[in-house]
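Structure, as structure tokens:
Sequence lines set the chain letters: A, B, ... in the order given, protein chains first and strands last, and positions in each chain run from 1. Just so you know, these numbers use all the heavy atoms, side chains as well, and skip hydrogens, waters and symmetry mates.
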Amino acid sequence: MTTKTAGRRAATRGTPRPPAATGKRLGPSPKMAVWFLLPAVLLLGVMVIYPIVYSIFRSLFDASGSTFVGVDNYVSIFTDSAMLTTIRNTLIWVAVAPALVTVVGLIFAVMTERIRWATAFKLVVFMPMAVSLMASGVIFRFVYEQDPDRGVANAVITSVRDIFSSGSGIPGARPRENDQAPVVASDGAVVTRQPVSPGQTVLVPLVGLRPDMLPASTAPAKTPGQGTAGINGTVWLDFTPGGGGAPEKVDVDEKALAGVTVEALRDGTVVATTTTANDGTFSFPELTSGDHVVRLPRENFEAPFNGLSWLGPTLITPAIIAAFIWVWAGFAMVLLSAGLASIPRDALEAARMDGATEWQVFRRITVPLLSPVLLVVFVTMIINTLKVFDLVFVIAPGSVQPQANVVALEMWRVSFGGGGDYGLGSALAIFLLILVLPFMMFNIRRFKREQS
Amino acid sequence: MTTATLEPKHARDREGIQRSPLARIIDRLGGGLLQVVVIVIALFWLMPTLGLFVVSLREQEANTSSGWWTLLTQPAQITLDNYANLLASGFTSSFWNTILITVPTTLLVIGIAAMAGYAFAWIEFPGRDALFLVVIGLLVVPIQIALIPIAGLYGTLGIFGSIPAVVLFHVAFGLPFAIFLLRNFFAGIPRELLEAARMDGAGEWKIFSTVVFPLAKPAIASLGIFQFLWVWNDLLVALVFADTENQPMTKALQSQMRQFQSNVDILAPGAFLSLLIPLILFFAFQRYFVQGMLAGSVK
């Protein structure tokens with residue numbers, strides 16, 4: 001169990017404080033430090049510190065850098081409507097993603113404590129961290145493809161849904177709109193105009209479908225059988241290809257509509273349900289008396305479910321957050337596993353001896369003892385969330401990027417991705433820096449506390 | 001997974017605490033369910049990458065007409081054509097660019113950070129603690145802050161778009177984490193070892209290169225693998241600073257994204273090739289990977 005020993009070692013080692021100046025000086029002269037530090041200080045100074053200072057100044061100038069505009073760039077961050085969408089998305093990310101990653105990581109860490117092949121599981125969940133976000137983006141573009149025949153997400157959803165609701169719909173079919181038609185459209189469904197009583201037959205002629213859109217094997221419609229018990233009828237496409245044929249009458253070349261759900265209602269409640277046979281006929285033999293309304297419920301006329309539009313404007317951010325969880329859950333899990341391993345067993349056992357349930361032990365002992373690690377994972381995820389760029393850039397198709405936009409991506413877009421506005425770009429970069437400042441302070445405080 | 005593993009492994013059982021037979025039965029049933037849940041999650045986590053791999057091996061027409069999972073019933077669709085096309089399309093040059101960017105960056109970061117980490121851990125100089133807090137502060141600075149200023153700087157120096165320009169940027173932003181990690185490790189080295197070397201009259205450079213650096217191999221391995229993966233996987237820096245002729249794989253792939261549907265035969269094998277080396281490294285050195293993460297989880 002490599003991860004656990006590593007965790008213990010890291011936990012016990014902590015960050016030891018370098019020796020303080022005590023007594024006789026045996027160590028090197030402070031001047032030596034200059035040579036050791038020079039390359040790092042030089043690089044950090046030129047490539048990190050100077051850019052921060054420069055960006056503050058640059059953010060106060062316009063796109064070309066020639067005119068001083070004061071805080072105009074910052075004002076436009078908070079007034080421009082596209083920009084507000086970007087900020088809203090970043091807020092959604094920060095509110096949702098870090099908490100989800102931490103919770104999923106905690107669940108996984110607790111689960112793997114109890115299985116034997118935990119190392120294999122950890123490797124699998126951890127693997128996406130080694131993969132570039134670019135490649136992860138490509139991976140999830142495949143997962144989220146709209147067509148259920150290609151995208152695995154929609155393939156799963158549609159097949160699960162098909163288990164619960166079968167039936168081939170007839171979307172677009174409708175009755176003729178004239179006073180002679182025996183059926184009328186009503187609130188999405190189709191109902192008989194007159195009440196029907198047992199012994200009568202019901203004709204449900206529909207139009208609005210092209211005969212060639214029906215499966216080639218569709219049988220010709222059959223006139224409902226007279227004289228049999230109950231209510232009998234036919235649902236068919238009342239259209240004779242090539243002309244001819246009388247309306248509201250089952251003619252020779254007219255096609256049956258099979259598999260349509262038909263309901264019989266009495267006083268507004270459904271008393272019988274059936275589906276049409278291959279020749280379009282249906283029958284309610286069990287109805288013996290009373291006036292009924294025959295109804296073809298609305299579900300028949302709805303377009304078949306074809307999967308969710310993951311990459312559309314509504315679902316794009318949740319879809320990308322799911323990919324983010326896929327990437328980062330392993331990180332949270334490994335850190336929290338190490339934390340769990342370092343919790344003293346005695347504390348847990350003592351509580352169990354006192355009769356605490358597993359949930360109480362988890363809630364009252366494990367989570368509080370784990371809270372420092374939980375906090376580190378959570379804060380690390382907030383920082384990662386604020387910087388999220390690649391996933392949004394790669395998963396969101398170009399046309400949806402305005403709806404999926406986040407601050408880190410928008411900074412690139414306005415400055416390099418065709419915008420060319422270095423003023424606004426600098427302002428966004430500074431805005432991003434301000435967003436991470438609290439976490440910078442968190443890290444510094446945590447380090448100081450560990451040292452003392 | 002064999003059925004032999006379908007036995008719950010509870011710490012409390014191992015430690016010999018007596019539990020009622022009923023509780024044990026419940027544990028076993030729950031354990032079996034847990035195994036199933038964990039297997040489902042593992043499959044769920046594997047599926048996206050597996051899907052990419054299968055897509056990269058299928059004929060282009062097969063990919064446009066059906067899902068990759070149909071491979072289970074029609075194994076005849078497998079072909080290496082996509083990989084052949086990819087290699088013919090000049091993707092190999094971006095592979096070399098990735099190596100030319102990643103390897104020097106990793107070596108430079110290790111070398112420069114090891115020196116700085118040594119100074120922070122073992123040389124007393126005024127302002128040491130304050131300077132180290134600055135390094136910790138820089139850990140979280142987003143790279144977006146430097147894109148515009150450094151683009152200007154590179155323009156002035158005339159190196160914009162070149163591989164050294166990309167390397168330099170990565171080195172600078174890799175340093176804070178590297179210094180933090182190595183300084184913490186160095187500070188844990190027993191003082192006596194260094195004192196002994198000093199007694200023998202060794203200079204600072206000698207102590208650094210013959211005592212500290214060899215002792216720090218595990219930490220350096222962790223740092224090395226992290227740094228390698230970050231740079232290998234970077235898109236943003238390459239997008240801004242690398243010309244088309246110097247672009248790494250990530251940028252080359254990104255430029256194919258615009259026609260996602262029609263470029264599946266390039267994107268899928270390209271993405272898979274780009275993640276092959278990180279995956280190999282990850283599996284070979286996962287111990288160091290995890291250690292580095294635990295030690296440096298401030299970032």
Side-chain angles (χ1 to χ4, degrees), chain A residues 2-3 6-7 10 13 15-16 18 21 26 28 30 32-33 36-37 39-40 43-44 47-48 51-52 54-55 111 115-117 121 124-125 130-132 134-135 138-139 142-143 149-150 152 155 334-335 338 376 383 387 389-390 411 415-416 422 425-426 429 432-433 436 439-440 443-444 447, chain B residues 5 8-9 34 38 42 45-46 48-49 51-52 55 66-67 112 115-116 118-119 121 123-125 133 136-142 144-146 148-150 171-172 175 184 187-188 191 195 198 204 229 233 235-236 240 250 253 260 267 271 274-275 278-279 282 287 290-291 294-295 297-298:
Chain A
T2 45
T3 53
R13 191 175 66 227
T15 50
L26 187 69
M32 279 304 290
F36 277 89
L37 286 171
L43 270 171
L44 288 177
M47 310 282 292
V48 185
I52 295 175
Y54 179 89
S55 291
M111 284 196 328
I115 56 168
R116 197 161 275 177
W117 44 285
F121 176 76
V124 166
V125 176
V131 175
S132 71
M134 171 72 219
V138 174
I139 287 172
F142 286 115
V143 170
D149 283 339
R150 291 207 304 266
V152 70
V334 168
L335 249 65
V376 167
I383 297 167
K387 292 178 182 175
F389 164 83
D390 313 42
M411 187 272 150
S415 351
F416 301 99
Y422 283 7
S426 297
L432 205 55
L433 183 66
V436 301
F439 309 104
M440 189 186 280
N443 279 343
I444 290 176
F447 179 77
Chain B
T5 61
K9 191 182 80 174
L34 186 70
V38 171
W45 241 256
L46 271 181
T49 318
L52 177 76
V55 167
S66 63
I112 295 173
M115 288 167 60
Y118 180 80
I123 305 179
E124 282 155 34
F125 60 92
L133 287 183
I136 292 178
L138 294 184
L139 277 174
V140 298
V141 171
Q144 272 83 359
I145 200 89
I148 291 170
I150 298 299
V171 172
L175 279 178
N184 286 350
R191 189 182 180 85
E195 303 272 313
R198 269 186 202 124
E204 286 311 302
L229 289 179
N233 291 336
L235 172 65
L236 181 54
V240 174
T250 44
L253 279 175
F260 183 78
L267 274 168
S274 82
L275 60 80
L279 278 191
F282 169 71
R287 191 162 65 95
V290 171
Q291 280 176 2
L294 293 169
S297 54
V298 164

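- Both the backbone and the side chain of B:Val141 come within less than 4.5 Å of a heavy atom of chain A.
- Contact annotation for A:Ser426: both backbone and side-chain heavy atoms come within less than 4.5 Å of a heavy atom of chain B.
- Considering only heavy atoms from C-beta on, B:Pro142 comes within 4.5 Å of A:Leu433 through its side chain.
- Using a 4.5 Å cut-off between heavy atoms, B:Thr49 contacts chain A through both its backbone and its side chain.
- To the nearest 0.5 Å, atom CZ of residue A:Phe389 and atom CG of residue A:Leu432 are 12.0 Å apart.
- Using a 4.5 Å cut-off between heavy atoms, A:Val143 contacts chain B through its side chain alone, with no backbone atom that close.
- Ranking B:Trp45, B:Phe125, B:Phe282 against chain A, the residue ahead of the rest is B:Trp45, based on heavy-atom pairs under 4.5 Å.
- Heavy-atom distances place the side chain of B:Ile150, and not its backbone, under 4.5 Å from chain A.
- Looking at heavy atoms from C-beta onward, B:Leu279 lies in side-chain contact with A:Val131 at the 4.5 angstrom threshold.
- Of the atoms belonging to A:Phe121, it is side-chain heavy atoms, and not backbone ones, that fall under 4.5 Å from chain B.
- Here the straight-line distance linking atom CD1 of A:Ile139 with atom CE of A:Met134 works out to 10.5 Å at 0.5 Å rounding.
- Looking at A:Asp390, its side chain never comes within 3.5 Å of a backbone N or O of B:Leu236 through a donor-acceptor pair.
- Contact annotation for B:Leu235: both backbone and side-chain heavy atoms come within less than 4.5 Å of a heavy atom of chain A.
- For A:Met111, the parts lying under 4.5 angstrom from a heavy atom of chain B are both the backbone and the side chain.
- Between B:Leu52 and B:Leu275, the closest side-chain pair of non-hydrogen atoms falls below 4.5 Å.
- Contact count versus chain B (heavy atoms, under 4.5 Å) is highest, among A:Ala33, A:Pro39, A:Gly425, for A:Ala33.
- The shortest distance between side-chain heavy atoms of A:Phe142 and A:Val152 does not fall below 4.5 Å.
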